[in-house]
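Working notes, beginning with the structure itself.
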Amino acid sequence: AQKVTQAQTEISVVEKEDVTLDCVYETRDTTYYLFWYKQPPSGELVFLIRRNSFDEQNEISGRYSWNFQKSTSSFNFTITASQVVDSAVYFCALRRGGGGADGLTFGKGTHLIIQP
Amino acid sequence: NAGVTQTPKFRVLKTGQSMTLLCAQDMNHEYMYWYRQDPGMGLRLIHYSVGEGTTAKGEVPDGYNVSRLKKQNFLLGLESAAPSQTSVYFCASSTLGAGGKYEQFFGPGTRLTVL
């Protein structure tokens, strides 16, 4: 069975601080995908990134960066110089690889509050 | 393209009433999914479909039925609503995921309250 753990239920930081959201996953599959989604107060799910298990390169997109480490089964997300607009619930998710129809296994989410 | 749309956006039901949530996608995706989101629980898979005329159970299927009569539509039914089904429901569709690529697209959600 697959599992995603986001141990941080809520994080509150002051604007311009850097913040890291942790994600630890469990799977027996050798091929899998990892995702991060953002859910702003408006409620929709916004796709941020997909990472394949065979690609351990870290990725940076503007103020966002992701650190994928298979050795520790972690896929952490860092926001640099946080802004109030970053306030949202962030979900980490896992899907097994291959071309099957499996859905995503989500973590419980981390509520990020950026205070002005 | 509209992507994934859901109807209705909000609904209030009384215990025992029935209703159907409609999901439509215009991306010609084979796979479609229904999730529910409860506070502090993340999203959990209810049912999914691998193609027209086929459906399968996910993690939390009890109390729900689904149908996929057309490729672009995926219906979620509640035959006798219960307060425990108060939740936000998300529909999603995805590509086949071949070649190392996989994309799942979510609808805007339906907020359902059962009194």
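Side-chain atoms are counted along with the backbone in the values below, which use heavy atoms only and exclude waters and symmetry mates. All figures in this text were calculated on a predicted structure; none of them were measured in a lab. Letters go in sequence order (proteins before strands), and every chain restarts at 1.
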d(B:Q104 CD, A:F47 CZ) to nearest 0.5 Å is 10.5 Å
Honestly, the part of A:Q6 sitting under 4.5 Å from a heavy atom of chain B is neither
Say whether B:Y64 and B:L75 are linked into one hydrophobic cluster, either directly or through other cluster members, by side-chain heavy-atom distances under 4.5 angstrom.
no
Bottom line for B:L43: the part with an atom under 4.5 Å from chain A's heavy atoms is both
Identify whether A:L45 and B:M32 are in the same connected component of the hydrophobic contact network (ILVMFWY, side-chain heavy atoms under 4.5 Å). no
For B:R111, is the CZ atom crowded, meaning more than 12 foreign heavy atoms sit under 6.0 Å from it?
no
Taken to the nearest 0.5 Å, the spacing of B:Q37 CD from A:F91 CZ works out to 4.5 Å
Within 6.0 angstrom of A:K70 NZ, more than 12 heavy atoms from elsewhere: yes
| said: If hydrophobic clusters are built from ILVMFWY residues whose side chains come within less than 4.5 Å, do A:I113 and A:Y90 share one? | reply: no
So, the part of B:E59 with a heavy atom under 4.5 Å from chain A: the answer is neither
Would you indicate whether A:Q57, at its atom CD, is surrounded by more than 12 heavy atoms from other residues, nucleotides or ligands within a distance under 6.0 Å?
no
Check your understanding: Can you check whether A:L104's main-chain N or O pairs, donor with acceptor, with B:Y35's side chain at less than 3.5 Å?
Key -> yes
- Task: Check whether any side-chain heavy atom of A:Q39 lies under 4.5 Å from a side-chain heavy atom of B:F90, and answer yes or no.
- Result: yes
